[in-house]
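First up is the structure itself, then whatever we jot down about it.
Fair warning: this is a prediction, and the values are worked out from it, not measured in the lab. So you know, we letter chains A, B, ... as the sequences are listed, proteins then strands, and number each from 1.
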Number of protein chains: 2
Amino acid sequence: MAVTIKQIAELAGVAPTTVSLVLRDSPKVGRATKDRVLRIVEDMDYYPNHSGKMLKQGRTDAVAIVSSLFQNIFKMEFVNGVERAVHGGPFQLRHYYAEAGSEPAKCKEILYGKMADAVLAMSMLAPPDFLAKIKASRKPLVLVEDVVEGFPGVRFDNYAASYEAVRYLAGKGRRRIAISLAMKAYMGHCFVDERLRGYIAASRDLGLEYSEIIELPAYDLGAGRIMVERILDKSEPPDALFCASGDLTAASFLKQARVQGLRVPDDIAVMGFDDSIIAQTTTLGLTTVRQPSTEMGKAALDLALRLIDGEAEAFSMIVTFPPEIIVRESA
Amino acid sequence: MAVTIKQIAELAGVAPTTVSLVLRDSPKVGRATKDRVLRIVEDMDYYPNHSGKMLKQGRTDAVAIVSSLFQNIFKMEFVNGVERAVHGGPFQLRHYYAEAGSEPAKCKEILYGKMADAVLAMSMLAPPDFLAKIKASRKPLVLVEDVVEGFPGVRFDNYAASYEAVRYLAGKGRRRIAISLAMKAYMGHCFVDERLRGYIAASRDLGLEYSEIIELPAYDLGAGRIMVERILDKSEPPDALFCASGDLTAASFLKQARVQGLRVPDDIAVMGFDDSIIAQTTTLGLTTVRQPSTEMGKAALDLALRLIDGEAEAFSMIVTFPPEIIVRESA
DNA sequence: TTGTAGGCGTTATCAA
DNA sequence: TTGATAACGCCTACAA
């Protein structure tokens, strides 16, 4: 059995209350007593039981991240941002996994069961009645990526990102721009739709008549081969490829393009999406659209803390991050 | 205030005990009562308070990862392995950060304060007296990477990895092999020493007289430039570079080599370390030593669970993972 | 099949 | 400056 505050109190010849006060460095307790208690605490390796504390105080000093398991660089970097922001503060980070579709149930369990003081829900498709309940109870829930008007959230402007990417490529004289996406794999998630809409809108606004949408089964290293083959198959191949499917797929394309003799950027310009570390490790620097994942993680935590504090405005605040084109060599 | 088991009991006209039993699906309670209680639980959005439960049960159903903040692909992939292993089980993962040097204090706080049932400590330099205490109290602590004989741990055979890498390069006819490392940055951590010793031993055993150790300030993208310049400066440059400093630095080298006209692998063969995703996204496939980080994460969790279960052998078990050479194009 | 009572370890309140 | 007492919400005997 672990050491309790009672045992410390007994050994020090004081009451548990006193020990508690000493540990919180209260000025109301005398020097001598304090020193004596602290020595015993040290000697006995006493640390307050966290559950007892939480139960009494009604808080957990923890923030939870809920997400389904799909592996994804954005998620890693986002989490990293949250971690950095949490670091040094009084909060602790907890990770909870939920099968795709079961995220709302998991959020409820955490918030209602006081497993954490706030939840950051990543890419969660949230039913309206669920959100209404959360909102009514003023539970601190931050939506990340798939936000909903009227609820606290953090998002990236995927539409603008796509639009700007196409505009950049067109500005470089490219007229036949293809886009790659994994629509089926991420059905329902706003970022897919938004990126596609941005592409379509920009093409229209810029008077580009060419359109080629390459559907990928996943955002992985198999993408390069699929894209190259699709492109070589066309009688009128694109002169630019916008990998809205991410830097990883763009890197995969660069690699496969070299194998099959497609020259980048001469034959075809390539743009990625995310500006993850991958974009900097390809031998030909990858021009890409930066999504500030780390900053978004910080913002999400910040918003969560404001919800915990009960700041009224925060309960319907959506923080949107704009895109930035990072020019390297591939386009 | 959140809903409690008492309120549910009152609404259902039963005792709290009954509600508790219903929630744990006990066969000792009648169908009718069960249904009635469950409906009210649902209606009221009742979820048991986690702190209360933990306090009573004396466990947390959580495993903690303690690490200092240094960003590192091995760590990410390791954590990913733990996450996968945790997924589906009854345990939850918690992340705790500790300034380099303060990890032991953090571990104590977590284990003695019952903030988690077990701790995985990454790259922690643990003082002997700290370990002795932990061992005596049979607290479930798993050392990752920097393991100590007699204590539960998970490690990669860095010595063998380095040795095999050099042997591979020598087998390819390379005689002047350089190694890159960030010794000062990771002073005291075993992996640096082991990798260096493996390099030295293999060179000696294979009769290679050439030796060149490139010290890097960090494992980042600035490494390429430093390495290329160092190499071009030599009157007798190496014909192989073993980036024991990781794939990221190797990728950085490939990129810089292209800029400065060094041909890989003709002028110089390049090997990385880790086999992270980076090794697959460089345009010229990176030959590297695979460190099975994800599997190591799984193993660490597995070991932690065995410690929690009190398996005697586990308390002095060190799981070692062997290296594997992954041949691609750069060497 | 259901209810009562006590305690897990802590802190807050109030009294001394 | 310190101590006694009562919760926090749950679960586990044991009793009915």
Results of side chain to side chain contact (heavy atoms under 4.5 Å, CB included) for B:A314 - residues two or more places apart only | B:L303, B:R306, B:L307, B:E311
If you fit an axis to the five pairs at each end of the helix from C:dT1-D:dA16 to C:dA16-D:dT1, how big is the angle between those two axes, to 10 degrees?
-> 40°
With heavy atoms under 4.0 Å as the rule, sort B:L55 into base, sugar-phosphate or nothing.
-> base
May I have the distance from B:Y112 (atom OH) to C:dG9 (atom P), rounded to whole angstrom?
-> 16 Å
Is there a donor N/O on one and an acceptor N/O on the other, under 3.5 Å, for the side chain of A:K56 and the base of C:dA12?
-> no
Can you name the salt bridge (charged side-chain N to carboxylate O under 4.0 Å, His left out) partners of A:D25, sequence neighbours left out?
-> A:K34
Any residue meeting side chain to side chain donor-acceptor pair (under 3.5 Å) with B:K108, in chain and number order, not counting sequence neighbours = A:D45
Any donor-acceptor N or O pair under 3.5 Å, side chains B:E194, B:H189 | no
Which whole-number value in Å describes the distance from B:M115 CE to C:dG9 P?
-> 17 Å
Rounding to a whole Å, what distance do you find between B:R59:CZ and C:dC8:C1'?
-> 13 Å
Atom-to-atom span, NZ of B:K53 to P of C:dG9 - whole angstrom | 19 Å
Spacing of B:K114 atom NZ relative to C:dG9 atom P, expressed in whole Å = 8 Å
What's the CD1-P distance between B:I5 and C:dG7, to the nearest Å?
-> 19 Å
Might you point out which heavy atoms bring B:R138 and B:G310 nearest each other, and give the distance in Å?
-> NH2-O, 3.7 Å
Which residue pairs pass the ring pair (Phe, Tyr, Trp, His ring centres under 6.0 Å) test with at least one member in residues 9-47 of chain B, sequence neighbours excluded?
-> A:Y112-B:Y47
Atom NE2 of B:H50 and atom C1' of D:dC11 are separated, to the nearest Å, by 14 Å
Are B:Y46 and D:dG9 close enough that a side-chain N or O sits under 4.0 Å from OP1 or OP2?
-> no
Please work out which residues in residues 9-44 of chain A have a non-hydrogen atom less than 4.0 Å from an atom of DNA chain C and list them by number.
-> A:T17, A:S20
Test salt bridge (charged side-chain N to carboxylate O under 4.0 Å, His left out) applied to A:R59 - qualifying residues, sequence neighbours left out | A:D61
If you check the B:Q57 side chain, which of D:dC11, C:dT10, D:dC10 turns out closest?
-> D:dC11
Pairs flagged by ring pair (Phe, Tyr, Trp, His ring centres under 6.0 Å) wherever residues 23-44 of chain A is involved - sequence neighbours left out | none
Residues that A:Q92 engages under side chain to side chain donor-acceptor pair (under 3.5 Å), provided they are two or more places apart = A:R94, B:Y96
